[in-house]
Amino acid sequence: MLPENIDQQVATLEKQELEAPNGVASLQLYTELFAAYLYKNELSQARFLWKRIPQNIKGGNAELERLFTVLQCLWSNKNVEFYKAITYDWSKAIAKLMAELKEKVQMETINLIGRAYSSIFENVFADMTNHSPEVVTETCKSLNWEIIEGPFPRLIIPKKPPVEKLVFTSCEDQLQKLTDFVSFLEN
């Protein structure tokens with residue numbers, strides 16, 4: 001499953017789940033659909049899927065339980081726990097997608113830091129992005145962020161990314177952004 005055609009894959013997997021004999025799909029189908037929901041950040045869909053999966057399927061499968069742990073970390077915005085949970089020997093069917101999810105979360109976190117922080121300590125940045133100190137320095141230099149020299153942890157001064165002007169934003173988009181913001185504040 002590749003991120004380029006993820007919407008098509010999700011539609012196909014959902015259809016297969018609905019058409020499954022006796023209403024119970026295969027373990028692989030549930031696993032792939034769960035991973036796709038996580039990648040698309042459809043956390044509610046992933047939670048509903050978890051509730052639909054029969055207990056005898058999800059109870060004995062470590063990979064499916066690990067996907068649920070990843071969901072819980074994303075749901076509660078726990079970055080450090082997310083990186084621990086996503087570091088796993090995933091099956092071949094979802095390994096690429098989970099690696100892409102990890103990279104996607106790292107990039108979103110870096111963008112958030114750039115927009116929201118006027119300064120951040122190196123160790124906090126490393127925890128939030130799951131980067132080693134060498135990668136932190138490299139990332140900051142590639143983004144043209146200032147690193148105040150000194151003992152560990154050094155202070156990083158992010159530069160705000162250029163503001164993109166949106167020509168049109170629908171009411172649904174604005175409502176979704178407001179809902180996401182309120183949800184973030186509540187957590």
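Proximity of L71 to L67: side-chain heavy atoms (C-beta onward) are nowhere separated by under 4.5 Å. For the pair Q45 and V10, the minimum side-chain heavy-atom distance is 4.5 Å or more. Taking 4.5 Å as the limit, some side-chain heavy atom of W145 sits within range of a side-chain heavy atom of I113.
Y88 approaches E63 most closely through the heavy-atom pair OH-N, 3.6 Å. What you find for S118 and P158 is that their closest heavy atoms are O-CD, 3.5 Å.
Other residues, nucleotides and ligands place more than 12 heavy atoms under 6.0 Å from the CD atom of Q16. The number of heavy atoms from other shown groups lying within 6.0 Å of NZ (K15) does not exceed 12.
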| task | Check the pair K40 / D7 against side chain to side chain contact (heavy atoms under 4.5 Å, CB included), numbers first and verdict last. | result | CA-CA 8 Å; K40 289 182 64 177; D7 292 327; 2.7 Å; yes
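At distances below 3.5 Å, at least one donor-acceptor pair connects side-chain atoms of T12 with backbone N or O atoms of Q8. Checking side-chain atoms of E42 against main-chain N and O of Y37 turns up no donor-acceptor pair under 3.5 Å.
Cation-pi check for K58 over Y30 is not met; the charged atom does not lie both under 6.0 angstrom from the ring centroid and within 45 degrees of its normal.
Note that the CZ atom of R66 and the NZ atom of K84 stand 11.5 Å from one another [nearest 0.5 Å]. With values rounded to the nearest 0.5 angstrom, K104 atom NZ is found 10.0 Å from E100 atom CD.
Within the hydrophobic cluster formed by Ile, Leu, Val, Met, Phe, Trp and Tyr side chains joined at under 4.5 Å, directly or through other members, V182 is accompanied by L178.
Between the side chains of N61 and E65, not a single donor N or O lies within less than 3.5 Å of an accepting N or O.
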Acceptor/donor pairs from residues 127-135 side chains to any protein atom, 3.5 angstrom cut, sequence neighbours excluded:
from	atom 1	to	atom 2	distance (Å)
T129	OG1	F125	O	2.7
S132	OG	E134	OE1	3.2
S132	OG	V135	N	3.4

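Note on V105: it does not cluster hydrophobically with V136, by side-chain heavy-atom contacts below 4.5 Å among ILVMFWY residues. With hydrophobic clusters built from ILVMFWY side chains whose heavy atoms lie under 4.5 angstrom apart, L112 does not share a cluster with Y83.
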